[in-house]
Amino acid sequence: TLVNNFQELHQDLDRIKSMMRDDMKNILGPAPNLLLVHYQLYKLENLRNTTMHMAKDEPLDVKVTLKQYFGRLDQFIEEFEEYLWELSRNMIDLIKNKQGAVIVRLIKIIESEEAADAKSVSTKTERRTSRQGLGNKKSDKPPREAKSLRSKFFDVLHDEVSRKFNILMERVDKEPI
């Protein structure tokens with residue numbers, strides 16, 4: 001139930017964080033927990049969104065308390081995303097180390113988040129249409145902040161490839177062929 005999930009939030013976070021740290025010990029390793037960590041975080045993020053949505057009409061002090069309660073989750077989501085970007089920056093080395101499965105997991109996570117973003121945009125459009133009197137369906141789905149991980153992924157990948165190319169060009173300039 002929602003109450004049980006709420007009560008077990010910090011225990012779940014500790015367990016998930018431990019799994020991620022195990023994977024992070026070797027950035028070029030197999031990262032066997034990557035999908036599970038993402039799935040668990042996704043569920044906790046939905047719990048937060050649902051709780052905050054349910055509290056939208058509550059007094060400000062209730063909202064502030066909830067925001068503080070979920071602060072650790074928000075911080076961990078940021079850490080997880082930074083881990084995704086670290087994996088992205090190491091994509092060439094992952095390929096060299098025959099860790100294609102890590103790349104597949106990374107892409108699955110990005111695609112999953114993109115699908116959730118698209119669903120969120122669709123829900124926001126439904127809400128707007130409903131408020132304008134153009135629809136009769138009221139959505140009780142909690143709002144979700146779009147993450148745009150695909151675009152961030154390509155930015156990180158572009159920056160890393162550019163960085164490696166510049167290093168290579170500096171070497172060529174120092175030691176002409």
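Because only heavy atoms are used, hydrogens play no part in the values below, and waters and symmetry mates are left out as well, while side chains stay in.
Between K108 and E111 there is no salt bridge, since none of the side-chain N atoms of the basic residue sits less than 4.0 Å from a carboxylate O of the acidic one. A salt bridge is defined here as a Lys NZ or Arg NE, NH1 or NH2 lying under 4.0 Å from an Asp or Glu carboxylate O, and E8 with R15 fails to meet this definition. Under a 4.0 Å N-O distance rule, the pair E82/R89 qualifies as a salt bridge. Looking at K152 and E113, no side-chain N of the basic residue comes within less than 4.0 Å of a carboxylate O on the acidic one, giving no salt bridge.
For the salt bridge (Lys or Arg N to Asp or Glu O under 4.0 Å) test, no residue two or more places apart in sequence or in another chain qualifies with D159. Annotation: ring-ring contact (aromatic ring centres under 6.0 Å, His included) contacts of F153 (sequence neighbours excluded): none. Under the side-chain hydrogen bond (donor to acceptor under 3.5 Å, both in side chains) criterion, N49 pairs with no residue at all, not counting sequence neighbours.
Note: the hydrophobic cluster containing L36 also contains I107 (ILVMFWY, side chain heavy atoms under 4.5 Å, direct or indirect links).
Atoms CG and NZ, from D12 and K43 in turn, are 7.5 Å apart once rounded to the nearest 0.5 Å. In this structure, R105 CZ and Q99 CD are separated by 8.0 Å, a value rounded to the nearest 0.5 Å.
Within a 6.0 Å radius of OH in Y69, other residues, nucleotides and ligands contribute more than 12 heavy atoms.
L106 and L84 make their closest contact through CD1-CD2, 3.6 Å (heavy atoms, listed as atom of the first residue, atom of the second, distance).
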Subject >> Pair D14-K17, salt bridge (charged side-chain N to carboxylate O under 4.0 Å, His left out): steps then yes or no >> reply: CA-CA 5 Å; D14 289 339; K17 197 174 264 196; over 6 Å; no
